[in-house]
Amino acid sequence: MRRSKWVRSIAVVAAVGLASMMAGREACAQSETTRVDIGGQIGVLRLPDSSGTNVGVGGRVTINLTRWLGVESEYQFVPNDEFEQSSVLAEGSVAGIRYERRRSTALFGVKAGYRGERVGVFARARPGFTTLTHRGVDCLGEVCALMLLAVPEYRREFALDLGGVVEVYPSTRWVMRTDVGALRIRHRSSAPPCASGGCTSTNLVASAGVGIRF
């Protein structure tokens, strides 16, 4: 009789301990998903119909609403956004033009997917705006004097970023993140890639960075 009481007491204590551990893990998981991530990254932008790939830097703030859903804002600055258009003439020489600009892009949207203990995989959708600042026009080759007469006029353009995210969590405070996707831009400017505006371009974007969680 006394042994059965001990068995029941041990079972109760074990059950309470297990329930406490589960509650603690659940509370810890909930606190982790409500953290704010602040990070920086280095990114590349590949423009269509251009031979160059432009490199920029940026920052990001993410608010994790749940383990699988978050909202975030990002700012990306490309100090040398170059767009080149060239062709080979009949005699074999190259003629073309290089547009030199600066680009600023601001995005705000959501990311959703799977978050594990060490790795997270998400899809992202972030609308926003991108702005180009004219810095000059250069010749490519010897025959481009007439091309230089066309000075581009830039306006603020609507942008939509769609892509995927892979996150690695080396600790509870640090996040390593890689992004790959497409930045769709609705052009209204009288500048490449649309000479008279009114077109949409799809640009390859990728970035890698590190963040800290609060």
Side-chain angles (χ1 to χ4, degrees), residues 33-50 52-83 99-115 119-135 152-169 174-189 191-194 197-214:
T33 58
T34 57
R35 287 182 175 176
V36 177
D37 300 351
I38 299 178
Q41 75 274 350
I42 297 176
V44 295
L45 172 66
R46 177 70 176 181
L47 302 173
D49 302 325
S50 177
T53 298
N54 302 312
V55 180
V57 295
R60 179 188 301 109
V61 177
T62 303
I63 300 176
N64 298 305
L65 303 178
T66 68
R67 290 186 66 86
W68 59 272
L69 179 64
V71 295
E72 59 184 18
S73 61
E74 177 180 316
Y75 174 78
Q76 188 83 9
F77 175 68
V78 181
N80 297 303
D81 185 286
E82 296 182 349
F83 189 94
Y99 297 88
E100 297 181 353
R101 305 90 62 92
R102 288 192 178 99
R103 181 185 297 273
S104 299
T105 303
L107 303 167
F108 178 81
V110 298
K111 69 170 187 177
Y114 165 79
R115 182 193 298 270
V119 178
V121 181
F122 305 90
R124 69 173 193 262
R126 305 179 302 186
F129 296 93
T130 185
T131 303
L132 288 169
T133 302
H134 179 63
R135 298 182 60 216
E153 296 181 2
Y154 297 110
R155 303 173 64 183
R156 180 172 297 173
E157 317 283 19
F158 176 76
L160 176 62
D161 175 57
L162 300 173
V165 178
V166 176
E167 294 181 343
V168 177
Y169 315 117
W174 292 97
V175 181
M176 301 175 64
R177 171 166 167 162
T178 301
D179 293 51
V180 177
L183 182 67
R184 294 180 57 83
I185 301 175
R186 177 61 180 173
H187 297 275
R188 301 178 301 155
S189 302
C194 307
C199 73
T200 301
S201 67
T202 301
N203 311 273
L204 175 64
V205 291
S207 64
V210 178
I212 187 169
R213 305 162 75 182
F214 296 93

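Throughout, numbering of the chain's residues begins at 1 and tracks the sequence.
Here T105 contributes atom OG1 and F77 contributes atom CZ; the two are 10.5 Å apart, rounded to the nearest 0.5 Å. The structure places CZ of R188 at 4.0 Å from CZ of R155, a figure rounded to the nearest 0.5 Å. Of the inter-residue distances, the one linking L45 atom CG with S207 atom OG reads 11.5 Å to the nearest 0.5 angstrom. Atoms CG and CZ, from D161 and R124 in turn, are 4.0 Å apart once rounded to the nearest 0.5 Å. Residue Y114 holds its OH atom at 9.5 Å from CZ of F122, rounded to the nearest 0.5 Å. In this structure, the separation between NE2 on H134 and CZ on R102 is 12.0 Å, given to the nearest 0.5 Å.
Contact record, L47 with F83: CD1-CD1, 3.8 Å, taken as the closest heavy-atom pair. Here the closest heavy-atom approach between residue G109 and residue P127 is recorded as CA-CD, 4.4 Å. Across all non-hydrogen atoms, the minimal contact from P79 to G56 is CD-CA, 4.3 Å. Across every non-hydrogen atom of F158 and G128, the tightest pair is CD1-O, 3.5 Å. Considering every non-hydrogen atom in both S104 and Y75, the closest pair reads OG-OH, 3.2 Å. E153 and S189 make their closest contact through O-CB, 3.1 Å (heavy atoms, listed as atom of the first residue, atom of the second, distance).
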Subject >> CA sep, side-chain torsions, deciding dist, call: N54, E82, side-chain contact (heavy atoms from CB on, under 4.5 Å) >> reply: CA-CA 7 Å; N54 302 312; E82 296 182 349; 4.2 Å; yes
**OP:** Could you go through the side-chain contact (heavy atoms from CB on, under 4.5 Å) check for K111 and E167 one step at a time?
**Re:** CA-CA 12 Å; K111 69 170 187 177; E167 294 181 343; 2.4 Å; yes
Original post:
side-chain contact (heavy atoms from CB on, under 4.5 Å) between V205 and D179: does it pass, once the steps are laid out?
Top reply: CA-CA 8 Å; V205 291; D179 293 51; over 6 Å; no
Subject >> Criterion side-chain contact (heavy atoms from CB on, under 4.5 Å) on L132 and E157, from CA distance to verdict >> reply: CA-CA 9 Å; L132 288 169; E157 317 283 19; over 6 Å; no
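Without hydrogens or angle criteria, R46 side chain to L204 main chain gives no donor-acceptor distance under 3.5 Å.
Using a 4.5 Å heavy-atom cutoff, the side chains of V175 and Y169 are in contact.
With sequence neighbours excluded, the residues forming a side chain to side chain contact (heavy atoms under 4.5 Å, CB included) with V44 are T53, V55, A206, listed by chain and number. Listed by chain and residue number, A125, L160 satisfy the side chain to side chain contact (heavy atoms under 4.5 Å, CB included) test with L162 (two or more places apart in sequence, or in another chain). Listed by chain and residue number, R126, R177 satisfy the salt bridge (Lys or Arg N to Asp or Glu O under 4.0 Å) test with E72 (two or more places apart in sequence, or in another chain).
Judged by distance alone, the side chains of Y154 and T133 never bring a donor and an acceptor atom under 3.5 Å apart. Donor-acceptor pairing under 3.5 Å is recorded for the side chains of R103 and T130.
Within 6.0 Å of CZ in R156 there are 12 or fewer heavy atoms belonging to other residues, nucleotides or ligands. Within 6.0 Å of the CD1 atom in I212, the count of heavy atoms belonging to other residues, nucleotides or ligands exceeds 12.
We find that E100 and R135 are not joined by a salt bridge, their nearest charged nitrogen and carboxylate oxygen being 4.0 Å or further apart.
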